[in-house]
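Notes to accompany the following structure.
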Amino acid sequence: MSEYIRIRALFTIEKDNVEQYKELMKEMSNMVETHEPTTLVYEVYFNEDGTKCMVHETYVDSTAVLAHNFSTASKTILPRIFKISKLVSLDVYGNPNSELKKLLKRFNSQIFTLYTGFDRKN
């Protein structure tokens with residue numbers, strides 16, 4: 001079975017902060033794409049009025065998620081994102097290692113362990 005870790009993070013944003021939030025997310029996405037080769041997917045979706053944001057992330061394994069957490073993007077941009085938004089939920093899909101599980105507890109995340117299935121792309 002795959003070692004991939006997939007994450008779905010839901011944020012809420014006050015209407016006055018939507019444009020600033022979008023710019024920060026664009027900056028975050030660009031930095032992750034440029035400097036984090038073990039991040040396979042980093043997609044940012046907004047609802048119609050921009051007050052809710054869903055981020056889909058896929059990493060090659062637990063080590064890649066930990067690397068993302070300690071990356072320059074997460075240390076410099078993410079704090080500014082958290083100042084103008086609220087993390088509503090953080091769902092994790094896969095089989096995270098013990099170190100990642102410990103980190104995820106800080107975010108009050110839910111972990112969904114893969115039971116069965118397949119991915120034709122990989």
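Taken from CG in L104 to CD in E99, the straight-line distance is 11.0 Å, to the nearest 0.5 Å. With rounding to the nearest 0.5 Å, the separation of CG in L10 from OG in S89 is 4.5 Å. Rounded to the nearest 0.5 angstrom, I111 CD1 and K105 NZ are separated by 8.5 Å. Rounding to the nearest 0.5 Å places CD of E57 at 12.0 Å from CZ of R8. Remark: K83 NZ to Q20 CD distance equals 10.0 Å, nearest 0.5 Å.
Smallest separation of non-hydrogen atoms from I77 and L24: CG2-O, 3.7 Å.
Pairs engaging residues 25-42 under the side chain to side chain donor-acceptor pair (under 3.5 Å) rule: E27-R80, E36-T39, E36-H68, E36-S71 [sequence neighbours left out].
Under the 6.0 Å distance and 45° angle rule, K22 counts as a cation-pi partner of F46.
Grouping the Ile, Leu, Val, Met, Phe, Trp and Tyr side chains by contacts below 4.5 angstrom, directly or via other members, places L87 apart from M54. F107 and I84 fall within a single hydrophobic cluster, where Ile, Leu, Val, Met, Phe, Trp and Tyr are joined by side-chain heavy atoms under 4.5 Å apart, directly or via other members. Clustering ILVMFWY residues whenever any of their side-chain heavy atoms sit less than 4.5 angstrom apart, transitively, puts L66 in a cluster other than the one holding Y93.
Residues satisfying the side-chain hydrogen bond (donor to acceptor under 3.5 Å, both in side chains) criterion with D49, sequence neighbours excluded, are N47, T51.
Heavy atoms from other residues, nucleotides or ligands lying under 6.0 Å from CZ of F70 number more than 12.
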